[in-house]
Protein chains: 2
Amino acid sequence: MALEHAILVSLLEKPGSGYELARRFERSIGYFWTATHQQIYRVLKRMETDGWVDVREVPQQGRPDKKEYSVAVLGRSALSSWLHEPIEPESVRHDLAVKIRGAAFDDPAALIHEVERHHQVHTDRLAHYLAGERRDFTGPEAPAALDAGQQLQHAVLRGGIAYERMTITWLEDVLDTLHALKPERT
Amino acid sequence: MALEHAILVSLLEKPGSGYELARRFERSIGYFWTATHQQIYRVLKRMETDGWVDVREVPQQGRPDKKEYSVAVLGRSALSSWLHEPIEPESVRHDLAVKIRGAAFDDPAALIHEVERHHQVHTDRLAHYLAGERRDFTGPEAPAALDAGQQLQHAVLRGGIAYERMTITWLEDVLDTLHALKPERT
DNA sequence: CTTGTCTATGCAACTCGTTGCATAGCAGGA
DNA sequence: TCCTGCTATGCAACGAGTTGCATAGACAAG
């Protein structure tokens, strides 16, 4: 599993609490990995007992205290050895594709709304990614010279952008197919 | 969960045994959903007790007997109601993206091999999909007129092709980024 | 005749991930 | 004052998915 490693990467980029990690996983890390706060707390606890991360109690004003985690030496070497071992190319799990094939045995026209809804979600995500790209990498506010970490983050973000663009185009293709099918079923 | 529904769709397209389903999930259905035989057998058993599928013992010659499953009335209505309820747009889980961001804290050059390996796998998958498309949809052997089911299957396959093409292009982008990074770290 | 491979089904144990719920401090508004 | 909402952490139970192992008939190769 890679959640531990995703957490290590995130903590290396910036130390933080479980709560903060959960919010990062809703944002930038969430572009390519998702996790709920329960999962994160559980894994953080295990990583702590394994000595992968260090904890520091941080008293706060105006809000509850937090535990700030940072990567320990053991965690860094665990990440390093994971980086050096090969992983299986991921296999997709796409509910919507199951639905599209299933629509042949039901009413294909009823799917149009659902596909349009997904189209909208992906359009919004694309806009969100592009805004992030302008802010951090290509806009006037972006740093002139990017370090290795930033260049790699940008490459990952470009992947997210390419994914959303591809998905949007495909969903339009699916919509065309559904519309072309519709008249046949009167 | 959608494994039950993926099985229903597959059985509607063609009835079959758990073993046959497992092989379909390695092939065409596997383009957008994966499952091992243990998972399939377990779910099939539950679907049988729920009355979603009918079983028929089929004696065979030259090989063990099999249980052929087909979709029952209850299964059809279960699929239908699932098709009519909205699903969450999927969130991606991309180990490789975690590795790429993590590489900033290790040796980015060490990732080049891994990315090239993934590039090869996706190139092979693309070739496999394109061969399937020619065979079933666009080649001289393909049927002249496609029914609704075939048109929707083709649309899903086009999605797989678009996904592989996008991934291949992105991995080349990542490779360029890694190569450009390399000289900086001597 | 033994070994390996393919078809065919299944159990048991485990890990991963989700859902529901609980607690608690603090802030702001009705 | 009470209610809502945000920060912050966590338990318990369940469901989904993986891994290892077991069984068994048939066939082909050595």
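A, B, ... follow the sequence lines: proteins, then strands. Residue 1 opens every chain. When reading the values below, keep in mind they use all heavy atoms of this one structure, side chains included, and skip hydrogens, waters and symmetry mates. Values in this document were obtained by computation on a predicted structure and should not be read as measured data.
- In the hydrophobic clustering of this structure, B:W82 groups with B:V9; members are Ile, Leu, Val, Met, Phe, Trp, Tyr whose side-chain heavy atoms approach within less than 4.5 Å, directly or through other members.
- Looking at the side chain of B:Q60, the nearest of the listed nucleotides D:dA8, C:dG10, C:dA8 is C:dA8.
- Across the protein-nucleic acid pair, A:E68 atom CD and D:dT7 atom P stand 17 Å apart, rounded to whole Å.
- Comparing A:A35 and B:R42 by the nucleotide of DNA chain C that holds the closest heavy atom to each, the one mapping nearer the 5' end is B:R42.
- In this structure, B:R46 places its CZ atom 15 Å from P of C:dG10, rounding to the nearest Å.
- Closest approach to the B:S17 side chain among C:dT9, D:dT9, C:dG17 is made by C:dT9 (side chain taken as heavy atoms from C-beta onward).
- Put simply, NE2 on A:H37 is 10 Å from P on D:dG10, counting in whole angstrom units.
- Relative to the side chain of B:Y19, the nucleotides C:dT18, D:dT9, C:dT7 differ in distance, and C:dT7 lies closest.
- The six-membered or imidazole ring of A:W170 lies away from that of A:H118, with a centre-to-centre distance of 6.0 Å or more.
- Distances shown here put every side-chain N or O of B:R93 at or beyond 4.0 Å from the OP1 or OP2 atom of C:dC16.
- Rounded to whole Å, the distance from CD1 on B:I40 to P on C:dG10 is 13 Å.
- Regarding B:E88, its CD atom lies at a distance of 16 Å from the C1' atom of C:dG17, rounded to whole Å.
- Here the side chains of B:S70 and B:R56 are not in contact, with every heavy-atom distance at 4.5 Å or above.
- For D:dG10, the OP1/OP2 oxygens have a side-chain nitrogen or oxygen of A:K45 closer than 4.0 Å.
- Take the nearest nucleotide of DNA chain C for B:R63 and for A:R63: the residue whose nucleotide is more 5' is B:R63.
- Counting only heavy atoms from C-beta outward, the side chains of B:E68 and B:E57 never approach each other to under 4.5 Å.
- If you take CG of B:D65 and P of C:dC6, they are 21 Å apart, rounded to a whole angstrom.
- Side-chain nitrogen and oxygen atoms of B:Y41 include none within less than 4.0 Å of the OP1 or OP2 phosphate oxygen of C:dG10.
- With contacts defined as side-chain heavy-atom distances shorter than 4.5 Å, the pair A:F25/A:T36 does not qualify.
- Between the CD atom of A:E90 and the P atom of C:dC16 there is a distance of 19 Å, given to the nearest Å.
- Taking every side-chain heavy atom of B:Q38 into account, C:dC11 is the closest of C:dC11, D:dA16, C:dT19.
- Between A:Q39 atom CD and D:dT9 atom P there is a gap of 16 Å when expressed in whole angstrom units.
- Nearest nucleotide to the side chain of A:T36, out of D:dG10, C:dT9, C:dT19: C:dT19.
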